[in-house]
Number of protein chains: 2
Amino acid sequence: MTGQVRTVDGRVAGRRGQATRQKLLDCLGEMLSSSPYRDVKVIDVARKAGTSPATFYQYFPDVEGAVLEIAEEMAKEGAGLTELVAGRSWVGKAGWQAAEELVDGFLDFWRRNDAILRVVDLGAAEGDKRFYKIRMKILNAVTNSLTDSVKELQAKRKVDQDVNPAAVAGSLVAMLAAVASHQKGFQSWGVKQAELKPNLALLVHLGITGKKPTR
Amino acid sequence: MTGQVRTVDGRVAGRRGQATRQKLLDCLGEMLSSSPYRDVKVIDVARKAGTSPATFYQYFPDVEGAVLEIAEEMAKEGAGLTELVAGRSWVGKAGWQAAEELVDGFLDFWRRNDAILRVVDLGAAEGDKRFYKIRMKILNAVTNSLTDSVKELQAKRKVDQDVNPAAVAGSLVAMLAAVASHQKGFQSWGVKQAELKPNLALLVHLGITGKKPTR
DNA sequence: CGGTAAGCTGACGGCATGACAGGACAAGTA
DNA sequence: TACTTGTCCTGTCATGCCGTCAGCTTACCG
């Protein structure tokens with residue numbers, strides 16, 4: 001199903017080849033977090049990995065191709081974000097806890113994958129379907145779960161009927177993603193990390209349930 | 001005060017020079033909306049403007065420099081976004097209207113300056129102070145106004161004291177910006193443009209006042 | 001009409017890209 | 001051990017963009 005790892009010219013990669021390939025990916029990942037995406041050059045990645053540009057081109061069609069590879073990897077891990085929402089109760093104290101844990105988990109994931117998520121975001125915004133798909137894969141998991149939560153509350157008449165669950169869930173997730181990728185920005189207008197989280201959780205809880213949380 | 005427009009090598013630009021310069025900026029702007037930022041080359045911009053690469057380098061140190069110029073221009077226009085919030089009442093029907101108009105104005109501005117805002121966002125996220133500053137210039141106006149609104153409501157005991165006005169305002173603005181730049185994304189999970197706006201307005205209202213709007 | 005500064009470009013060294021052919025290496029076979 | 005096979009890596013090359021400079025053309029002014 002997964003298929004073996006293959007080089008650009010169709011050979012199957014052996015143990016040594018896969019190691020080289022992985023090393024190139026790792027080095028690319030590091031470069032992305034230390035210098036602007038626009039300035040990441042194949043030759044630098046290759047040098048950093050102690051190999052030559054030609055080797056890079058054996059495993060990846062171009063820089064973008066390699067970035068997609070890393071992103072795909074991350075997306076798999078990101079699928080686990082679903083668990084932050086699935087099967088949670090949004091009533092009473094449990095609701096507040098759910099909101100807090102969602103915010104926590106989300107911010108954490110984003111901070112860990114900071115650099116690559118930035119590039120994925122850009123690619124998606126520019127209309128590249130491949131990046132777009134990956135971004136969806138990560139956000140969809142959470143968004144769909146949240147959408148379901150809102151729908152449930154609507155069914156129980158706890159949320160107004162004219163609320164569009166998908167729109168609200170999507171917007172909240174977008175907010176989390178945006179805040180996560182500009183966390184430094186908040187510090188400069190005097191909001192500290194620790195203060196940010198409860199306020200985000202508040203917004204999430206308000207958005208989902210329409211009510212202030214009981215802590 | 002403003003200083004004349006100058007070329008890289010220090011000459012003051014005359015009428016003809018300024019026209020060329022502007023044409024280069026315009027063409028760059030077009031290129032940014034039609035192809036990925038990473039692939040925008042000086043030579044293409046120059047060709048599109050019917051001039052040579054050397055001319056480009058007379059007016060701008062590099063592509064980034066020119067992008068900053070465009071962004072600066074946009075930031076000036078963006079300062080007008082303050083009016084969407086300043087001096088608004090957030091009580092009763094007026095509150096709902098304020099939320100709706102804020103969302104409307106914001107989304108509109110973002111759609112108009114789509115391409116350049118993407119690049120600014122990326123630059124800021126990557127830690128470039130110059131892009132960061134521009135992003136702040138645009139968002140600060142709105143965020144500060146919103147922060148003040150929340151503070152006022154807090155003073156009147158209409159909002160809980162443990163809410164951090166700046167954190168809430170900043171998060172809401174980040175949400176608006178994020179949703180605006182991924183508007184297409186929402187369509188794919190079945191949320192239409194027209195549906196999106198009222199739901200965003202709802203979230204904004206909830207966030208600022210802590211209460212459901214009275215429409 | 002001549003001087004001066006603005007405006008533009010051809011051309012060039014330098015570097016990244018991406019392709020290829022061939023050498024180095026590990027593992028299996030006789 | 002010698003030979004074979006297939007994987008893995010690199011030297012090298014044509015191509016194309018970058019960023020700069022000297023020098024030519026154009027516009028303005030006394």
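Residue-level contact check: B:Tyr59 touches the backbone only, with heavy atoms under 4.0 Å from sugar-phosphate atoms and none from bases. Residue-level contact check: A:Thr20 touches the backbone only, with heavy atoms under 4.0 Å from sugar-phosphate atoms and none from bases.
A sub-4.0 Å separation between OP1 or OP2 of C:dA6 and a side-chain N or O of B:Arg15 is absent.
Atom CD of A:Glu83 is surrounded by 12 or fewer heavy atoms from other residues, nucleotides or ligands within 6.0 Å. Atom NZ of B:Lys137 has more than 12 neighbouring heavy atoms from other residues, nucleotides or ligands inside a 6.0 Å radius.
By the 30° and 60° cut-offs, the orientation of the rings of A:Phe106 relative to A:Trp110 is parallel.
Between A:Phe60 atom CZ and D:dC8 atom P there is a gap of 13 Å when expressed in whole angstrom units. Taking atom CG on B:Asp62 and atom C1' on D:dT20, their separation rounds to 14 Å, with Å as the unit. Rounded to whole Å, atom C1' of D:dG19 lies 5 Å from atom OH of B:Tyr57. Look at CG on B:Asp44: it is 11 Å from C1' on D:dG16, rounded to the nearest Å. In this structure, B:Ile43 atom CD1 and D:dT15 atom C1' are separated by 12 Å, rounded to whole Å. If you measure from atom CD of B:Gln58 to atom P of C:dT9, you get 10 Å, rounded to the nearest angstrom. For the pair B:Phe56 CZ and D:dT20 C1', the interatomic distance rounds to 15 Å; values are reported in whole Å. For the pair B:Asp9 CG and C:dC8 C1', the computed distance is 12 Å after rounding to whole Å.
With DNA chain C read from its 5' end, the first of the two nearest nucleotides for A:Val63 and B:Thr55 is the one closest to B:Thr55. Take the nearest nucleotide of DNA chain C for B:Ala54 and for B:Gln18: the residue whose nucleotide is more 5' is B:Gln18. Closest-nucleotide positions on DNA chain D for B:Pro61 and B:Arg16 were compared, and the one nearer the 5' end corresponds to B:Pro61.
Salt bridge status for B:Lys23 with B:Asp26: absent, with no side-chain N to carboxylate O gap under 4.0 Å.
In this structure, the nucleotide among D:dT10, C:dT17, D:dC18 sitting nearest to the side chain of A:Ser52 is D:dT10.
Contact check for B:Tyr57 versus B:Val42: side-chain heavy atoms found under the 4.5 Å cut-off.
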